[in-house]
Novice: 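Mind looking over this structure? Questions follow.
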Amino acid sequence: MSVIYLDNNATTKVDPQVLEAMMPYLTEYYANPSSMHTFGGQLAKAVKTAREQLAALLGADESEIVFTSCGTEGDNAAIRAALLAQPEKRHIITTQVEHPAVLNVCKQLETQGYNVTYLSVNSQGQLDLDELEASLTGNTALVSIMYANNETGTIFPIEQIGLRVKERGALFHVDAVQAVGKIPLNMKTSTVDMLTMSGHKIHAPKGIGALYVRRGVRFRPLLIGGHQERGRRAGTENVPGIVGLGKAAELELLHLEEATTRERQLRDRLEQTLLAKIPDCEVNGDPKNRLPNTTNIGFKYIEGEAILLLLNKYGICASSGSACTSGSLEPSHVLRAMGLPYTTLHGSIRFSLCRYTTDAEIDRVIEVMPEIVERLRALSPFKNDDAGWLQSQEQTLAHR
């Protein structure tokens, strides 16, 4: 049974052209790129080329690119660098729906005396910019807000946010792990000071990422050691990964318009057909401002984990939330922040597509989902919407 992979917001397959570009640097070209000899110099040139390829995708200058190991490292490095550069400021602003790589850092910083404001979202997962405005003070060192939510695909108005942040003299960091390669970016005209991305979300391998740091922004490194990355990130460069990321960036830029249009069409067909065929389900998130490859659908009265198990029997891969929190039995913190009713909260599934997704794969999901939902609802203890019981569950969740 072949795999139908609709979990691309968790990770993507490595593009064959990316693997091909990497292979010489796993075998033939193995020197240290910082070495003075000609052999090492060849690898330094490959790293420079990859930096230029990634800069082109981000609309940045190659000198503003810092290679990292992943999105989590990029988020951590950006947040801590902003605070180290402004030791007199002790206030951070973020949102309730960030990735754990941001939220858990902020929670740790609270134990160290920092004040953190967690902005709320509405039922579509969007921010209230007036709440942001009211939260900004002269003591605000950093505002860290994701470009697009990994669970719902909701896109935040980053440039509008950035203008407000700049007016108050704070630094602006954006976790763009889900946005890079899915929507056009131009850092040359952006208000963003630092931006995080991760290779394995754009068909590069795991273990490589990058952090954009605007020229002129004071940056204190998270990893201290050698002089690599212009002194901004110590450690011998992961040359095969960097070469792979560069090639992936080149391919994403090449296919961006065509791929996103096609993914949106497939996503919309999947979404609209499931809503028509299956009663008591709805789309979670902002239907207008969202990533073209993502849909998050709440199927009332059943458990998302049960849906995923039955989908898995058909070889279909999807998700009930972030892969980084999949070990938790708690419902999604993103959907909880949106105030979704308990009937929907536990039965929400994310389907995330990529440029390799086919019409036949979408057809297969459409074929099996109505049967899966009907089967689970027949077993559901609360399919008749026991209002009193559901209300008590919602109240319990609200006080956690």
Side-chain angles (χ1 to χ4, degrees), residues 1-13 15 123-126 148-155 178-179 181-184 201-203 251-252 254-300 302 304 306-321 323 332 334-335 338 340 344 347-377:
M1 180 171 56
S2 60
V3 171
I4 296 174
Y5 189 77
L6 298 181
D7 197 17
N8 289 279
N9 284 10
T11 196
T12 57
K13 66 177 287 186
D15 188 296
S123 60
Q124 291 190 339
Q126 281 291 1
N149 188 265
N150 49 302
E151 295 191 28
T152 64
T154 295
I155 297 172
Q178 294 297 339
K182 297 171 187 170
I183 53 179
K201 309 294 187 179
I202 62 167
H203 303 288
L251 293 171
E252 289 296 307
L254 179 66
H255 296 297
L256 181 61
E257 184 175 354
E258 174 192 355
T260 54
T261 298
R262 183 172 171 278
E263 289 164 27
R264 182 181 291 106
Q265 292 171 344
L266 289 173
R267 186 272 313 274
D268 289 348
R269 184 164 71 84
L270 170 65
E271 184 177 275
Q272 292 164 11
T273 308
L274 291 183
L275 292 179
K277 285 178 171 285
I278 303 172
D280 293 321
C281 64
E282 56 190 22
V283 176
N284 302 321
D286 188 332
K288 295 181 180 179
N289 301 299
R290 57 174 171 162
L291 296 173
N293 78 316
T294 304
T295 181
N296 189 305
I297 305 176
F299 300 93
K300 291 184 178 181
I302 53 180
I307 298 174
L308 294 178
L309 286 172
L310 292 180
L311 283 172
N312 188 61
K313 289 186 176 181
Y314 291 103
I316 299 170
C317 303
S319 172
S320 59
S332 158
V334 173
L335 302 185
M338 290 163 59
L340 295 189
T344 302
S348 292
I349 299 297
R350 179 189 69 188
F351 298 101
S352 47
L353 290 60
C354 74
R355 66 173 182 263
Y356 293 108
T357 304
T358 67
D359 282 284
E361 290 173 333
I362 297 300
D363 289 340
R364 183 58 172 158
V365 178
I366 289 171
E367 179 186 355
V368 304
M369 274 301 295
E371 174 191 340
I372 288 173
V373 174
E374 183 179 5
R375 176 179 170 185
L376 292 174
R377 282 181 178 162

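Keep in mind that the numbers below use all heavy atoms, side chains included, and drop hydrogens, waters and symmetry copies. Numbers here are sequence positions counted from 1.
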Novice: Between T260 (side chain only) and E257 (backbone N and O only), is there a donor and an acceptor less than 3.5 Å apart?
Specialist: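 Between the backbone of E257 and the side chain of T260 there is a qualifying donor-acceptor contact (under 3.5 Å).
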
Novice: Is I297 close to S348 at the side-chain level, that is, under 4.5 Å between some pair of heavy atoms?
Specialist: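 A side-chain contact is absent here, since even the closest heavy-atom pair is not under 4.5 Å.
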
Novice: Tell me, do Q124 and K288 make a side-chain contact under 4.5 Å, heavy atoms counted?
Specialist: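 With C-beta onward as the side chain, the pair stays apart.
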
Novice: Please name the residue in the list T12, N8, D15 that meets the side chain to side chain donor-acceptor pair (under 3.5 Å) test with R355.
Specialist: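 When side chain to side chain donor-acceptor pair (under 3.5 Å) is applied between R355 and each of T12, N8, D15, only D15 qualifies.
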
Novice: Does some side-chain heavy atom of L308 sit less than 4.5 Å from a side-chain heavy atom of N312?
Specialist: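 A side-chain contact is absent here, since even the closest heavy-atom pair is not under 4.5 Å.
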
Novice: Going through the distances and angles, do F351 and L274 end up as a side chain to side chain contact (heavy atoms under 4.5 Å, CB included)?
Specialist: CA-CA 12 Å; F351 298 101; L274 291 183; 4.3 Å; yes

Novice: Please report the closest heavy-atom contact between T295 and R267, naming both atoms and the distance.
Specialist: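 Nearest heavy atoms, T295 then R267: CB-CD, 3.8 Å.
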
Novice: Taking side-chain contact (heavy atoms from CB on, under 4.5 Å) as the test, write out the residues that go with N289, two or more places apart.
Specialist: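 Partners of N289 by the side-chain contact (heavy atoms from CB on, under 4.5 Å) criterion, ordered by chain and then number, come out as Q126, D286.
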
Novice: With a 4.0 Å cut-off on N to O distance, would you call R290 and E271 a salt bridge?
Specialist: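 Looking at R290 and E271, the cut-off is met.
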
Novice: Is the number of heavy atoms from other residues, nucleotides or ligands under 6.0 Å of E374 CD greater than 12?
Specialist: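 Counting other residues, nucleotides and ligands, CD of E374 stays at 12 neighbours or fewer.
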
Novice: Hey, does R350 have a side-chain heavy atom less than 4.5 Å from the side chain of D7?
Specialist: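 Side chain of D7 against side chain of R350, heavy atoms only: contact under 4.5 Å found.
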
Novice: So which heavy atom on P279 is nearest to which on R377, and how close?
Specialist: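 Shortest heavy-atom separation between P279 and R377 comes out as O-NH1, 2.7 Å.
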
Novice: Between NE2 of H255 and SG of C354, what distance do you get to the nearest 0.5 Å?
Specialist: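 Here the rounded value is 12.0 Å.
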
Novice: Only one of L6, I362, N293 passes side-chain contact (heavy atoms from CB on, under 4.5 Å) with L266; say which it is.
Specialist: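 By the side-chain contact (heavy atoms from CB on, under 4.5 Å) criterion, L266 pairs with just one of L6, I362, N293: I362.
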
Novice: Taking side chain as C-beta onward, heavy atoms only, is T152 less than 4.5 Å from L335?
Specialist: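 Yes, close enough: below the 4.5 Å cut-off.
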
Novice: About how many Å separate CG of N296 and CD of E282, when rounded to the nearest 0.5 Å?
Specialist: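 Answer for the CD-CG pair, E282 versus N296, is 10.5 Å.
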
Novice: Side chain to side chain contact (heavy atoms under 4.5 Å, CB included) between M369 and K277: does it pass, once the steps are laid out?
Specialist: CA-CA 9 Å; M369 274 301 295; K277 285 178 171 285; over 6 Å; no

Novice: Please find the pair of heavy atoms, one from G181 and one from I202, that lie closest to each other, and give the distance.
Specialist: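 Distance-wise, the nearest heavy atoms are CA-CG2, 4.4 Å.
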
Novice: Measuring from D280:CG to L275:CG, what's the distance to the nearest 0.5 Å?
Specialist: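 Between atom CG of D280 and atom CG of L275 there are 11.5 Å.
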
Novice: Is there a side-chain contact between L310 and R375 (heavy atoms, below 4.5 Å)?
Specialist: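 Yes, close enough: below the 4.5 Å cut-off.
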
Novice: List the steps and the verdict of side chain to side chain donor-acceptor pair (under 3.5 Å) for S319 and N9.
Specialist: CA-CA 9 Å; S319 172; N9 284 10; over 6 Å; no

Novice: Between R269 and I366, is any pair of side-chain heavy atoms under 4.5 Å apart?
Specialist: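 They are in contact (side-chain heavy atoms under 4.5 Å apart), so the answer is yes.
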
Novice: Tell me the closest heavy-atom pair linking N284 and G298, and the distance in Å.
Specialist: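 Between these two residues, the closest heavy atoms are ND2-N, 3.6 Å.
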
Novice: Does K13 make a cation-pi contact with Y356 (under 6.0 Å, within 45 degrees of the axis)?
Specialist: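 Checked: cation-pi criterion met.
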
Novice: Could you tell me which non-hydrogen atom of G304 sits nearest to which non-hydrogen atom of I349, and how far apart they are?
Specialist: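 Smallest interatomic distance, heavy atoms only, reads O-CD1, 3.5 Å.
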
Novice: Run the side chain to side chain contact (heavy atoms under 4.5 Å, CB included) check on I372 and F299 step by step: do they pass?
Specialist: CA-CA 11 Å; I372 288 173; F299 300 93; over 6 Å; no

Novice: Any idea which heavy atoms bring L291 and A179 closest together, and the distance?
Specialist: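 Minimum heavy-atom contact is CD2-CA, 4.3 Å.
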
Novice: Kindly compute the distance separating CZ (R264) from NZ (K182), expressed to the nearest 0.5 Å.
Specialist: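 NZ of K182 is found 12.5 Å from CZ of R264.
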
Novice: Identify whether the distance between the nearest side-chain nitrogen and carboxylate oxygen of R364 and E361 falls below 4.0 Å.
Specialist: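 Looking at R364 and E361, the cut-off is not met.
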
Novice: Is there side-chain contact between L311 and V368, with at least one heavy-atom pair below 4.5 Å?
Specialist: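 They are in side-chain contact.
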
Novice: Please round to the nearest 0.5 Å and tell me the distance separating atom CD1 of I302 and atom CD1 of I307.
Specialist: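 So the gap between those two atoms works out to 3.5 Å.
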
